[in-house]
Structures are given as C-alpha cells and as structure tokens.
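Each chain gets a letter, A, B and so on, in the order its sequence line appears, and its residues count up from 1. A quick note: this is a predicted structure, and the numbers were derived from the prediction, not measured.
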Protein chains: 2
Amino acid sequence: MTEKADPSRPQRADAQRNYERILSVAKAVVGEQGTQASLRDIARRADVGMGTLYRHFPTREALLQELLRQGFDRLAAKAASLESSDEPDQALAEWLQDLMRGMAAYRGLPGSMMTTLLDEGTPLYASCATMRVAAGRLLKRAQGHGHIRPDVDGTDLFALVNAVGWIADQAPALAARQEHLFTLIMDGLSLRHPASSDAAEQAG
Amino acid sequence: MTEKADPSRPQRADAQRNYERILSVAKAVVGEQGTQASLRDIARRADVGMGTLYRHFPTREALLQELLRQGFDRLAAKAASLESSDEPDQALAEWLQDLMRGMAAYRGLPGSMMTTLLDEGTPLYASCATMRVAAGRLLKRAQGHGHIRPDVDGTDLFALVNAVGWIADQAPALAARQEHLFTLIMDGLSLRHPASSDAAEQAG
DNA sequence: ACCTGAACACCGTTCAAGT
DNA sequence: ACCTGAACACCGTTCAAGT
C-alpha cells in the first residue's frame with residue numbers, strides 16, 4: 001500500500017512551509033492578542049498573502065482548532081485515565097480544574113469555545129467533542145456514586161467551567177478569584193460535603 | 001435660587017434634540033446589534049455627524065451607561081425594599097434573578113459589565129456602584145442569618161450572575177439553561193438546604 | 001457652543017492575475 | 001496547485017472647517 005497523505009496538510013513543498021509558518025506565527029500572535037487576533041497581522045508576520053492564509057485556514061476557527069488540538073487531546077487522555085480512579089468526585093474535580101486552566105491559554109478562549117459549543121459542523125466543535133464525551137463519562141461515574149447532583153449534565157459543567165474562565169478573562173483583577181469561584185461551584189454541585197467545612201468554620 | 005442646569009445634558013436647543021435623538025436611536029440599534037453595535041450606524045440613523053455623537057457620548061460606555069441607568073436605579077430600589085423581607089435568603093435569590101434577567105436586555109451586556117466591573121472611573125462603574133452596594137447589604141443580611149456561605153462577597157455574586165448571563169448570551173441553545181444554572185449556583189451557595197430536595201429525589 | 005463630514009488607520013473577505 | 005495583493009465594504013476616532 002502507498003502512504004495516504006494527510007488530507008489536512010498541503011502537498012506541495014512551498015505550501016507545506018507556508019502552512020507551518022502560519023501556524024507558528026498564529027500561535028504567537030494569538031498568544032499576544034487573544035482569539036480575536038488580527039488575521040491580517042498573522043499573514044503579515046508570516047510573510048504570506050491574505051489569500052494564502054485563507055486557503056489553508058478558511059475560517060478563524062479552523063486556525064484556532066489547530067492551535068488547540070493538542071490541548072484537547074491531552075485533556076481527553078487525562079479524562080480516560082482518571083476513569084479508573086477510586087475517588088470519582090475528586091477525579092472529576094481535578095479534570096475540570098485542568099480544563100479551566102487550559103481555558104486560560106489564550107484570551108478570549110472561553111468565548112470562542114462557548115459560541116461553538118452547540119454549533120455542530122464547526123471545526124472547533126468536532127475537535128472538542130471527543131474530549132467532552134470523555135469528560136461526560138467522568139461525570140456519570142461520579143453521579144453513579146452519588147457524589148454529584150444528578151440534575152447536572154456535561155454541557156452544564158462545561159458551560160460553568162467556561163463561565164468561570166470567562167470571568168477571569170474579563171478583568172485581570174478577577175483572575176485571582178478564579179480558583180475560589182471554581183471551588184464555590186464545585187462545592188455546590190457536590191452531594192458529599194453538603195457545605196464545605198471551612199465555610200462552616202468561618203460562620204459566626 | 002436659579003435652577004441649576006443638569007450638567008449631563010446640553011444647553012442649546014438643537015444640541016438637546018440631538019442628544020435625545022441619539023439616545024433613542026441607540027436604544028433601538030443596541031437592541032438589534034448588542035452592546036458592540038456600530039457607532040457609525042447609530043450616528044447615521046440619528047441623522048447626526050460622527051463628531052456630534054462623540055461630543056455627547058465620548059465613549060461607547062458613556063452611551064451605554066445612559067441606556068442602563070433606569071435599570072440600575074430600579075434594581076437598587078428593589079434591593080433596598082427587599083432589605084425588610086423576613087426571608088433574607090429568598091430576598092437575595094429573588095434580587096439576583098432579577099439582575100440576571102436585566103442582563104439579558106442587550107446582547108453582550110454581561111461582557112460590557114464585567115470588563116468595567118473593577119475599572120473605577122468609567123461611567124458604567126460609577127453608575128453601577130450604587131446598585132451593587134445595595135445588593136451587598138442584601139447579601140450580608142442573608143449571611144448574618146447563616147443562610148449563605150460566609151466566604152462569598154458581593155463581587156463573587158455579581159461575577160457569577162454575569163457569568164450565567166454570559167452563557168445564555170453566547171448560544172441561543174444555552175439560553176434555556178439559564179434558570180437551571182442559576183439554581184445550581186444558588187443552591188450551592190446556600191447553607192440552609194445542603195442539597196436541594198429534588199436533586200436528592202432524583203438520585204438512584 | 002455646537003455641528004459636519006472628510007481623513008486616517010485599521011479590519012475581514014474575496015478574487016483576478018500571476019507562477 | 002498554489003501564491004499575491006489590490007479591491008471592497010466596513011469599522012472607531014479625530015479634527016479642521018463651518019454656523
């Protein structure tokens with residue numbers, strides 16, 4: 001059998017180079033400006049015409065998806081490995097915290113995630129789906145053990161984590177509260193510790 | 001004593017008219033396009049030059065603030081009146097729900113609120129402050145009665161409510177979940193009902 | 001005191017022309 | 001098969017010139 005070429009990558013050598021250059025420049029520019037970074041700027045700094053950028057990445061999301069692919073894969077793998085944990089609620093909490101930190105990779109990322117969360121057909125949705133399915137199993141398991149409210153589904157959790165990431169995203173002064181807000185929400189969804197012990201201690 | 005002129009409104013008759021026209025057109029356009037509505041479009045539809053719009057409203061926020069003033073005042077008044085309720089936790093929940101619904105008035109509003117939440121000096125911040133102070137009293141009261149976790153402050157609550165509003169704002173399909181997510185969070189912050197009864201019933 | 005609208009520096013997206 | 005960059009239709013913001 002002959003090697004099947006990866007359909008996502010271009011064939012010609014110059015196209016190959018451009019594809020990779022755009023991607024690496026995009027990583028830098030999105031790192032600086034966030035997910036709403038100027039595409040023109042990316043093309044400029046990659047020494048590439050606008051048409052070339054559009055040829056390789058027909059939408060901003062297609063570009064973003066490539067930037068995030070690795071993170072998604074890592075999180076999916078982590079979810080799978082956490083499924084064998086003997087503390088399902090802690091496993092879930094740990095994974096969600098990891099997700100939240102991943103959302104801080106680029107400014108505007110929670111927003112980009114949410115706008116495409118339920119919009120099938122978009123590359124970001126497809127790429128994100130595997131990870132979300134894996135996370136869903138983690139949730140079901142914790143619920144099966146009676147650790148988490150049963151009236152919560154994977155989309156709820158995903159939305160809430162994104163929301164907390166979004167808060168941090170908006171004002172730098174709020175970023176410090178991110179972990180705290182995460183704790184508040186996770187405590188609230190838990191059926192194990194009706195109210196966190198430190199909260200009870202502080203009461204007076 | 002002579003009447004003191006309202007310093008926020010222009011003196012000359014034509015300026016008066018323009019000011020009001022811009023405001024009423026802005027209400028419509030922001031209603032259609034959200035808080036990121038095109039200022040050019042507003043000026044166009046108000047039959048006014050760009051400079052006129054900028055003269056009356058030096059920033060997008062100044063314009064927005066005028067659009068939201070009434071809502072802020074109403075919420076502040078409601079918070080004040082709820083302070084005499086004999087069910088402080090319900091009073092707080094009701095007020096927050098009202099706030100959340102107010103956030104749905106314009107697309108992008110939660111985002112506009114959050115970016116200026118801690119940025120003093122911006123007109124939106126100043127206009128919002130009174131309301132937030134009133135809400136803070138509502139929270140302290142509920143905490144004083146031991147109904148709400150003591151390790152939550154007004155900014156946390158405000159951020160969380162905005163976050164839920166933001167979720168609904170992103171994808172229409174998520175808007176239906178808004179009330180549900182609100183309940184999840186409020187239940188979680190409550191010390192009265194360690195876990196909501198319906199959640200316990202559904203468990204199996 | 002206030003208004004106008006052109007000017008400037010940016011966007012995203014498309015597409016004819018090239019190699 | 002791929003690349004270029006001008007063209008188009010938009011922005012927000014400023015400011016000289018008018019009344």
Given that B/Gly51 and B/Arg12 both sit by DNA chain C, which one's nearest nucleotide is further toward the 5' end? B/Arg12
Please confirm whether the backbone N or O of A/Glu179 pairs with a side-chain atom of A/Thr183, one donor and one acceptor, at under 3.5 Å? yes
Side chain proximity check, A/Leu189 to B/Leu184, heavy atoms < 4.5 angstrom: yes
Tell me which of B/Arg60 and B/Thr52 sits closer to the 5' end of DNA chain D, going by the nucleotide each one is nearest to. B/Arg60
Tell me what B/Arg17 touches on the nucleic acid: a base, only sugar-phosphate, or nothing, going by heavy atoms under 4.0 Å. nothing
If we only count heavy atoms from C-beta on, is the A/Tyr106 to A/Ser112 side-chain gap below 4.5 Å? no
4.5 Å side-chain heavy-atom contact, A/Gln36 and A/Arg107: no
Quick one: does B/Asp169's side chain get under 4.5 Å of B/Met103's, heavy atoms only? no
Taking the side chain as C-beta and beyond, is there a heavy-atom pair between B/Met131 and B/Phe158 under 4.5 Å? yes
Within the structure shown, what part of the strands sits under 4.0 Å from A/Ala37 by heavy-atom distance: base, sugar-phosphate, or nothing? sugar-phosphate
First and last nt of DNA chain D near chain B, cut-off under 4.0 Å to heavy atoms, 5' to 3', are D/dC11 to D/dC15
Are A/Leu117 and A/Leu124 close enough that some pair of their side-chain heavy atoms sits under 4.5 Å apart? no
For A/Glu83, is there an ion pair with A/Lys140 - N to carboxylate O distance below 4.0 angstrom? no
Heavy atoms only, 4.0 Å cut-off, all strands: where does B/Ser38 land among base, sugar-phosphate and nothing? sugar-phosphate
Read 5' to 3' with Watson-Crick or G-U pairs under 3.5 Å, [ ] for crossing pairs and | for partners on another strand, DNA chain C gives ||.|||||...|||||.||
